[in-house]
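A short write-up of the structure that comes next.
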Amino acid sequence: KKISDILEKSAPKPGVPADLQNLLTQHFSENRSVIEIEELKLSDSCFLPANDLTHSFSSYLKEICPKWAKLRKNHKEKKSVVMLVICSSALRSLELIKSITAFKGDCKVLKLFAKHIKIKEQMNMLEKGVFHIGIGTPGRVKALVEQDGLCLNSTKYMILDWNWRDQKLRRMMDIPEIKKETIDLLEMSIIKLCREGSVKLGLF
């Protein structure tokens, strides 16, 4: 059965933290020990309230981040963002960037995807300016972190564009490449930061 055939028949259910937990356990169960898998577990306190499918992106961000104006004002570090939003494509990133006007105020948003933008350009921008929100694809974000172009120490929120479906009705975690890159990014640094309490994860 194709995933789109199954999805056409089922009503969309909003993603919850347990979905991400199960996905990680499933992904790592083949080649990790029980102890290693334990270390990748996230407690419920690592998560922000999930989107119940009634929110626009702006209203969701306002709910999970009521003190945004203060956070934005206090953020002075270069090579970093306060909020990282991960989605499945460059097009979807642009849609989300347009849709957060009501939330973002006068903060600076950086596009973090590969389409038409060289990684060097993004690294230069991060080095020279202060950005508050980064929106992009997991592959490019991961590459920026690996090449020390993006530092996650100031990041407080990571939002996964979990519920949105593309034309084929696939969510980001239904696309093998995007799913793998997202899990790699989580494993590389985000899970550790969540467990230490500095980053909170949201499923939109």
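Below, all heavy atoms of this structure are taken into account, side chains as well, without hydrogens, waters or symmetry copies.
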What I'd like to find out is whether the side chain of L186 reaches to under 4.5 Å of the side chain of T182, using heavy atoms alone. yes
Do the side chains of C107 and I133 get nearer than 4.5 Å, heavy atoms only? yes
Side chains of C87 and W164: closer than 4.5 Å at any heavy-atom pair? no
Nearest 0.5 Å please: distance from the OG atom of S89 over to the CE atom of M172. 10.0 Å
Residue list, side chain to side chain contact (heavy atoms under 4.5 Å, CB included) with K156, at least two apart or on another chain: L71, V82
Taking only residues two or more places apart in sequence, or in another chain, which ones meet F57 in a ring pair (Phe, Tyr, Trp, His ring centres under 6.0 Å)? F204
Is it the case that more than 12 heavy atoms not belonging to M125 sit under 6.0 Å from its CE atom? no
Are L150 and V130 connected in the hydrophobic side-chain network, where two residues link if heavy atoms are under 4.5 Å apart? no
Could you go step by step and tell me if I178 and M173 meet the side chain to side chain contact (heavy atoms under 4.5 Å, CB included) rule? CA-CA 7 Å; I178 299 293; M173 291 304 195; 5.8 Å; no
Side chains of K128 and N124, heavy atoms from C-beta outward: is any pair under 4.5 Å? yes
Using the side-chain hydrogen bond (donor to acceptor under 3.5 Å, both in side chains) rule, collect all pairs that involve residues 129-152, keeping only residues at least two apart or in two chains. Q122-R140
Dump the intermediate steps for side chain to side chain contact (heavy atoms under 4.5 Å, CB included) on V85 and M83, then the final yes or no. CA-CA 7 Å; V85 181; M83 183 181 288; 4.3 Å; yes
Just verifying a value: how many Å separate L160 CG and N51 CG, rounded to the nearest 0.5 Å? 12.5 Å
Within one Ile-Leu-Val-Met-Phe-Trp-Tyr cluster: M158 and L112, side-chain cutoff 4.5 Å: yes
Just how far is it from atom CG of L48 to atom CG of L203, taken to the nearest 0.5 Å? 9.0 Å
Here the gap from S189 atom OG to N153 atom CG, rounded to the nearest 0.5 Å, amounts to 9.0 Å
Pairwise side-chain contact, L185 with E181, heavy-atom cut-off 4.5 Å (strictly under): no
Pi-cation contact, F131 with K108 (under 6.0 Å, within 45°): yes
Would you kindly confirm whether L152 and L144 end up in one hydrophobic cluster when ILVMFWY residues are joined by side chain heavy atoms under 4.5 Å apart? yes
Got a salt bridge between R92 and E95, using NZ or NE/NH1/NH2 to carboxylate O under 4.0 Å? yes
Given side chains that start at C-beta, do those of S88 and D166 come closer than 4.5 Å, heavy atoms only? no
How about I135 and L110: do any of their side-chain heavy atoms sit closer than 4.5 Å? no
Quick check: are there more than 12 heavy atoms from other residues, nucleotides or ligands sitting under 6.0 Å from NZ of K104? yes
K78 side, atom NZ; S154 side, atom OG - distance, nearest 0.5 Å: 13.0 Å
For R171, does its backbone N or O pair with a side-chain atom of D174 as donor and acceptor, under 3.5 Å? yes
For G15, does its backbone N or O pair with a side-chain atom of N163 as donor and acceptor, under 3.5 Å? yes
To the nearest 0.5 Å, atom SG of C194 lies from atom CG of L40 at 11.5 Å
Under 4.5 Å between side-chain heavy atoms, hopping through other hydrophobics if needed: is there a path connecting V141 to L94? no
Quick test of your reading of the model: are R32 and E187 salt-bridged, counting only N-O distances below 4.0 Å? yes
Once salt bridge (charged side-chain N to carboxylate O under 4.0 Å, His left out) is applied, what residue pairs with a partner in residues 37-47 remain, sequence neighbours excluded? E38-K41
Report yes if some heavy atom in the side chain of L193 is under 4.5 Å from a heavy atom in the side chain of T155; otherwise report no. no
Residue list, side chain to side chain contact (heavy atoms under 4.5 Å, CB included) with S58, at least two apart or on another chain: S56, I100, A102, F103
For residues 60-75, pull every pair meeting side-chain hydrogen bond (donor to acceptor under 3.5 Å, both in side chains), keeping only residues two or more places apart or in separate chains. H55-E63, R72-D106
Would W162 and I183 show up in the same hydrophobic cluster when neighbours are defined by side-chain heavy atoms closer than 4.5 Å? yes
